[in-house]
Amino acid sequence: MQTLALYNLKGGVGKTAAAVNLAYLAAASGFSTLLWDLDAQGAASWYYDAKSEDGRTKKVLEGSTPIGRLVKPTRYDNLAVIPADFSYRYLDIMLKKVEPPRQALKRLLKPFGEQYSLIVLDCAPSLSHLADNVFAAADLVLVPVVPTFLSLRAFEQVQDYFKQEGFDATRLRPFYSMADRRRSLHRELLEHPPKAMARALRAVVPYASMVERMGEHRAPLAAYAPSDDPALLAYAELWLEAQKLLKL
Ligand SMILES: Nc1ncnc2c1ncn2[C@@H]1O[C@H](COP(=O)(O)OP(=O)(O)OP(=O)(O)O)[C@@H](O)[C@H]1O
Ligand SMILES: [Mg+2]
């Protein structure tokens, strides 16, 4: 079992869009996949129409309910979801009660090892105790970076944090997201990537209304976009790169 996290300190950069599409593509290529929505906004859960049961997460963290009871099927083969709910705004505090605190998420995921080949974590935009748990649990942390200076700065902050806290920085890899070649700054940063993007994946997710329409279809791109859609092709390339890095 490998764990892939979509993370950025910055909000609205395409973490959830990538998590939802990569989880789908992994499942469609035959890997038994579990997408865990760790964000109280519950966007990934909403795309997959998965709802959680009141208070159940708390019971799992307290050890009175097995974690498997959080899993919901989706309408897609090989793909299941653990939905978030509003109680996830306290997930940070809840995880602190599990020992050892930074390893709590990794320990919680362990029982899934037999059933799933891939766990995809959709993260909230914050550098919190939950993020520490994600960094400790993930084999690969993919960071969507919009080609703008503030977005690059946020990635550098995450990189610095990894080093400072002793997390394995080789597991942290950025990729360009929501790239709009009509904008001169985006074009410049894509053509002359700054140092921070030296280890970026090759896939570039374009800014595309087809991605925004995931909200209309409440489905991953592959369910409604033509097979040659540029954004779908970008996610497919991203998945192939992630698969390679995860040695799946
Ligand atoms: N490649 C894209 N092209 C155009 N719009 C996009 C693209 N990716 C995401 N969006 C849109 O941008 C918004 C934010 O995307 P998304 O929810 O994936 O970001 P996020 O990083 O998960 O945000 P948050 O930090 O709030 O969790 C959404 O409305 C989504 O539809
Ligand atoms: Mg999100």
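First listed ligand is number 1; within each ligand, the first listed atom is number 1. Note that the numbering runs from 1 along the sequence shown for the chain.
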**OP:** May I ask you to check whether over 12 heavy atoms, not counting those of E191, lie within 6.0 Å of atom CD?
**Re:** yes
Original post:
For atom CZ of R218, is the number of surrounding heavy atoms from other residues, nucleotides or ligands below 6.0 Å larger than 12?
Top reply: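 Enclosed: over 12 neighbouring heavy atoms sit under 6.0 Å from CZ of R218.
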**OP:** Determine the minimum heavy-atom distance between A136 and F167, stating which atoms define it.
**Re:** N-CE2, 4.0 Å
**OP:** Heavy atoms only: give me the nearest Y7-K15 pair and the separation to one decimal.
**Re:**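 Closest approach of Y7 to K15, heavy atoms only: C-CD, 3.7 Å.
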Subject >> Pocket residues of ligand 1, ordered first by chain and then by residue number (heavy-atom cut-off under 4.0 Å) >> reply: G11, G12, V13, G14, K15, T16, A17, D39, Q41, P125, M178, V205, P206, Y207, A208, V211, E212
Original post:
Can you list the other members of the hydrophobic cluster that holds L150, where links are side-chain heavy atoms under 4.5 angstrom apart?
Top reply: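 Answer for L150: none, a lone residue.
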Original post:
Under 3.5 Å, is there a donor-acceptor pair between the T33 and N78 side chains?
Top reply: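 Side chains of T33 and N78: no pair found under 3.5 Å.
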Subject >> S45 and D37: side chain donor to acceptor below 3.5 Å >> reply: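 D37 and S45 do have a side-chain donor-acceptor pair below 3.5 Å.
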Original post:
Which residues and atoms, counting only protein N, O or S, are under 2.8 Å from the Mg ion (ligand 2)?
Top reply: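 Atoms qualifying: T16 OG1.
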**OP:** For the residue pair M210 and Y224, establish whether any side-chain heavy-atom pair is separated by less than 4.5 Å.
**Re:** yes
Subject >> Residue pairs involving residues 124-140 (criterion side-chain hydrogen bond (donor to acceptor under 3.5 Å, both in side chains); sequence neighbours excluded) >> reply: D92-S128, R102-D132, S126-S128, H129-N133, D132-Y161
